[in-house]
Structures are given as structure tokens and as C-alpha cells.
Amino acid sequence: MLKPKQMSRAVIVGHKDIMEATVEAIHGSNLFHLEDYNEDGSGLKLGRPFKNAGEVSKKLIQLRSISSFLGVKKESIPKKKETTVINELDSMLDQLDIEVSTKTEKKSELDSRLKELETLKKDISPFSAIPIDMELYHNYESIKVFAGTVKENIGSAVSQVTSTYEMEYDQSTGTVALFIKKEDEAKISEILSNFEFREIRIPEITGTPSTLIADITREEEGIQKQITSLETDITSIKDKYSEFILASEELLTIESEKAEAPVKIATSEHTFIMDGWIPDDQFATLERTIESATNGRAFVSKQRITNADTDIIPIEYDNPKITQPFQEIMDLYARPKYKEIDPTSLIFISFPLFYGMILGDIGYALILLALALGIKKMVKSDAVKPLMNVLIYCQISTLIFGVLYGEFLGFPLASLHTDHGIIPGLIAGFETITLFNSPVGGEVITYPIHRTHIVMTMIIATALIGSLHVNCGYVVGFINERRKHGFAAAMFEKGSWLVVELGIILGVLGYTGYAPTAIIGIIVFLIGFVMLIKGEGAKGAIELPSLLSNALSYTRLIAVGLSSIYIASTVNLIAFDMILPQGGIVAVIGAIIVFIFGHALNTVLSIIAPGLHSLRLQYVEFFGKFYEGGGRKYSPFGYIRKYTEE
Amino acid sequence: MVDAAAAVVYMDPAGLKAIGAGLAVGLTGLASGIAERDIGSAAIGAMAENESLFGKGLILTVIPETIVIFGLVVALLIS
């Protein structure tokens, strides 16, 4: 439970004749983590792909391009028999290819025509108000044409130079079309440059601009219609073939994985050697599978794991089902190393505990519980499910703390008598019971615990919980270190912290007069400090103040919780004490709206704030004490079929 | 015009406490924000390169969060 799964290093050796059968058997069993072979000059070479590899990958590429063109989405479909898919694969693929490729061609043709028309339209549009045939702008021997934009009417300026000219000017766009004699060109262009003339390219077509634009618009509409009908066709093809595409893509992926496998395997002229990892308890299964697939001609052997290997051993979690969702939270940080304690089961307890301590509200717990259950039921995704399970665990913890705190959507459930009068509770007749006096701040511990009234006590309590959690971290770190480097190293590196803490406690007890241990405390502290310097070096001394800041960091358990309560009670205050007493139907509706939106906002915050803060306490304060991480993921050579079955 | 001495008399201790608490939360909030801004953008950059750095990025980003928590605690102690 606290360790990753025991792994064995397995080596499979055999004649090349049986390589394909062996690969087939291993892939089918989906147990063997195949280690890629790197050529290292030992004379062994990487293998060549099996001879069907080229064909399979060609088909796979063809299928994938069709699939992406059609936009086939992954969905759950009834599983198909492998043999039926294989039988119809070739004919269906050809048929599909023909149908799709004509459509693709047609579509890209239409798309490019549409683009062409758009550019043309853009080119013509400046001239739309000038009723000159587009053909008449070109091909003159003695006439020069200026077409473009200017900043204002140039008519008067041009008429001062020459009287033989034709000009069309569009006031609104500033477009000008000016026809002059060739010999006046130099003078006119000088004038034009004074008017910020910018030339516009004239497209080589015939017809007046306005009719041309009307024609283009009509053609565009026609093309749009064709594209729409083409898209309906594509959708119908997609609906018809999507099951086939999903099933055959899966099949081809499997085939191609198998066909490409030899390039990861070491081979000599006649033999192959597969090197990899397998969970210890599955070794016998692997042996049996390979033996039956090859008639015992392949040799499977278990290798001894050396110390140098421990860093590359792939890690498979080995946790009871109930704590498995938290593996996701571990993966977010890093997988444990092989010889490390896998803290999944530890955060299974502490993460929901801290989340619940922060939120602690029956109302929000019920809302979020319903939300998590709903999402878990609706969304089938494998990525979402574990997160929802984590959320459900957190809400159960929140519910328990909610009962303990007696809070419902920011309202106290029990009424409380204070110096300033009575704070009424939500449940009539439910009185707060006084339990005992808190040792700090003159506060009184009651049931339900009114967090807002015993802030001092809660701050100290959460800091103590923090110290406890941090010390758990040191203990786990001690165990890890002892496993890796022996007892002495563990004592100096992690045990020293415990000694330092003991010294501080004894010292504080001595100085406050509870026990005559002041001197002993200082001595113990100094011993611990020296051990720490020996274990961690100067870094240890620098990190010493972190004992205090880490413990204080846990005060967020109350601080973030209080901010959530205050938001909730502010919403309640606005809705019921400020809007509702105005009277009338409008006030009722207003109060309801404020109530719903306010609490919806706070519900969202109730996932993020306690979640992130609880997560941070695990990652930074807790893991920082012992966790190394960085293990490789165990990913066996094989495939989990979704759409096909053998 | 109220003269200065009289104004001092009217200063409500509860009000001053509230101002102090507000400053404690507000200033530490700003401080956290400034610190997290740089770390956060660097973390996003790192994540764009390698998505598996999410966990580490998150941790580094929320480390300055402690500043505002301390501010909040101080505010609670004041009020």
C-alpha cells in the first residue's frame, strides 16, 4: 500500500523465427514494459519492422486523414468483432477513400474559388460608384490612366494643367479614375502625389463595377449553397462510417504497434533479445503466455535488479481501490521513485481532512456532492472520474466538519448567546452547548464549534495540526532515508529535525515555568542543530526558521475557512436583512437572485480555495520533508481495446 | 472647524482596528499578487514546454500565497 508495485526485470530471448509470435503474445497480454534498446557497440543491432509494417502504416495514415477530414469524434460504440473488421477493412477503406476524396477535391475547389471571388470583389469595390467598364482602364497608346485614391477632389488642380482630361471621382471613398494624354503624365503625377495619391490595381475583367459585384455576390451565394450541401453529405458519410473508422483505426494502431516493435528490440543475425519490466506477481503469467505462444522455444528469465537500476524501474501504483483516485493528485506532482514510500494513502487521509476543515459547511457539501456525483455520471472520461471521486471524498469530510461546525450556507445552525446578545440559529430550539474553556484568549469551546468566535484558539489549534503533519513528513522522510542510505544518514538528515523540535519544546516549557527543563532544552536543541548541520550542511541552518513558517502556514485552515464564511454570511445579510425587508414582490425576487448568485459564486470558490490550499499544504509543507519523486510511468507494451474485441 | 485635539478624542478604536485589519489583508494581498505574477508567468512558460511540470509550477506559484494568509491571520488577531 505504501510502496509501488514490486517489479521484476525480465529478458526474453529466442530465435528470430518466433519473434513475431512472441511480440504478438506480449502485446496481447499488455503486461510487459518494453525497454527501448540503444545500439551500444555490443554487436547487437536494432531489429527491422515486420514486413507488413509499411502497408499497415500506409492504411493507418489514409484512415487517419479521412477521420480528421470527417471530424470523427471518439464516442462509445458497441464493440465490433476483430475478424469482421479485418474482412471488410480493405473494401470499405477503398470505398470510403473514393467517396471522401471526390468530396475533398470538390470542397477545396469551391473554397479556392470562393477565395478568388472575395479578392476580386475587394479589388473592384473601390470603383463601385464609378460607372466605367473595367475593360476601359487598360490598353491605351496615347492615354495614361490613373486609378486610385486621393484625399480630396483633384478636379480643379488638374484643370489648371490641362483641359483635355476625363475624370470620375467618388466623394465617399475618395476613389479617382483620371484619363489624360500621355505627354501630361509627369506634371499630373506631381499634382497627384501632392494629394496623397495611392494607386489601386485594376483587375483584368470586363463589365461595369456595379454589375460585376452583383454577379460575384450571386456566384458566391451559389457556392455557399454547394458547400452547405457538401457538408451535409460529409456528415452523412461520417455518421455512416464512424463506427467502422473507430474500430479499424484501433485495429490498425494495434497492428502497427506490433509491426514496429522490432525497432525497439536488440537482435543479432538469428536471435532477438527483449528487455523490460513486469510486475513481480505477473511474471509467471508472462512466462506461461510466451511458452504457449512459441511452444516453449523462447527463453524467459528473471534478472536481478541492481542498485543502478532503481532509478529507471517503471513505477506502477499499488494502492487499494478506495485510495486510487489520489494517484491522480500524485501524478500531478510526480510519481514516486521505486524505493520511496508512495504517499498516496497518506494524502488520502490528509487532503480531504484539510479540505473539510477549511470548508466545513453542510450546505456547500451537499451542493458539491450532488454536482460531483452528477458529473461523474454524465461524463464518461477517464480523466474526469478520479478527480470527481477526490471531490466526493472531500465533500464527505466537509459534511462531517459541517456538522461539527454547525454551518449551513453561512448560517449558524445553533443559536449562540454572546456578550453582545443572542445570535439566532437556523434550527429553532437548537442551543449551543458549552463544553469547556479554551486555554487561550479567554474563549469557550462549544458544540457546534463557532469558528468565528474562537479565532485565537483555532489559529493555535491549526498550527499544532500543522506541526503534527510536518512531523509526519519528517518520519516518512526518515524511513525513506534509512532505506536508501542507512540509519545514521536518516538520523542526521531527518531525525535531527525531531531532536531540534524536542529541544525547542523543552526550552519553551522551561522558560514559561511549566517544567525545569530550560537548560536541558537548550542542550538538546544544540545537539539537534549540530546533527542537522552534519546531515544537511549549511542548508539545514538556513531552513531552520521554516519550522515556524511551515507550522504557521497551516493557519490557512482557519483563515481561508473564515473568509468563505464571511462571503456566505455577507450574501445572506444582503439578501435577507437588506433587500427582503423592503417589502413587495420585487424585493423577494431580488433577495432570491442575490442569494442564488452569491452562493453560486461562493460554491465555485469553495472548490478552488480549499482545494488549492489543501493541495499546497500537501505539496509544499508535507512533501517537502521527504518526497523526491520523478519515477517513470509503467506503460506496458500493449493496447486496451475500446471499439473491437477478439 | 473641529480642532485637532478634539478630533483625536473622537477617533474610535474599533475603527482604527478595522483600518489596521484592512491594511494587513490588502497590502499582503498586493504583495502576494506581485510575487505570484512573475512566478506564475514563468510557470506557464515552463508548462508550455513540458506539461508534466504542472505540479511543480503550481507549487512554486502558490508559495507566496503564505504572505496573504499571514496577513489574514494578523487581521483576524487585530479585529
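All chains are named by letter (A, B, ...) in the order of the sequence lines, taking the proteins before the strands, and each is independently numbered beginning at 1.
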Task: Results of ring-ring contact (aromatic ring centres under 6.0 Å, His included) for A:Tyr338 - residues two or more places apart only - done: none
Task: Contact residues of residues 455-469 of chain A (partner chain B; heavy-atom separation under 4.5 angstrom) - done: A:Val455, A:Met456, A:Ile459
Task: side-chain hydrogen bond (donor to acceptor under 3.5 Å, both in side chains) against A:His450, all qualifying residues, sequence neighbours excluded - done: A:Thr432
Open item on the list: Given heavy-atom pairs under 4.5 angstrom as the criterion, report whether the side chain, backbone, both or neither of A:Ile558 touches chain B.
Closed with: neither
Open item on the list: I'd like to verify something: which residue of B:Leu76, B:Thr66, B:Val25 has the highest number of heavy-atom pairs under 4.5 Å with chain A?
Closed with: B:Thr66
Open item on the list: Sub-4.5 Å heavy-atom contacts with chain B: which residues of residues 608-617 of chain A show up?
Closed with: A:Leu612, A:His613, A:Leu615, A:Arg616
Open item on the list: Quick check for you: among A:Ala334, A:Ser549, A:Ser553, which has the greatest number of heavy-atom pairs under 4.5 Å with chain B?
Closed with: A:Ser553
Open item on the list: I need the B:Ile69 CD1 to A:Ser563 OG distance, nearest 0.5 Å.
Closed with: 7.5 Å
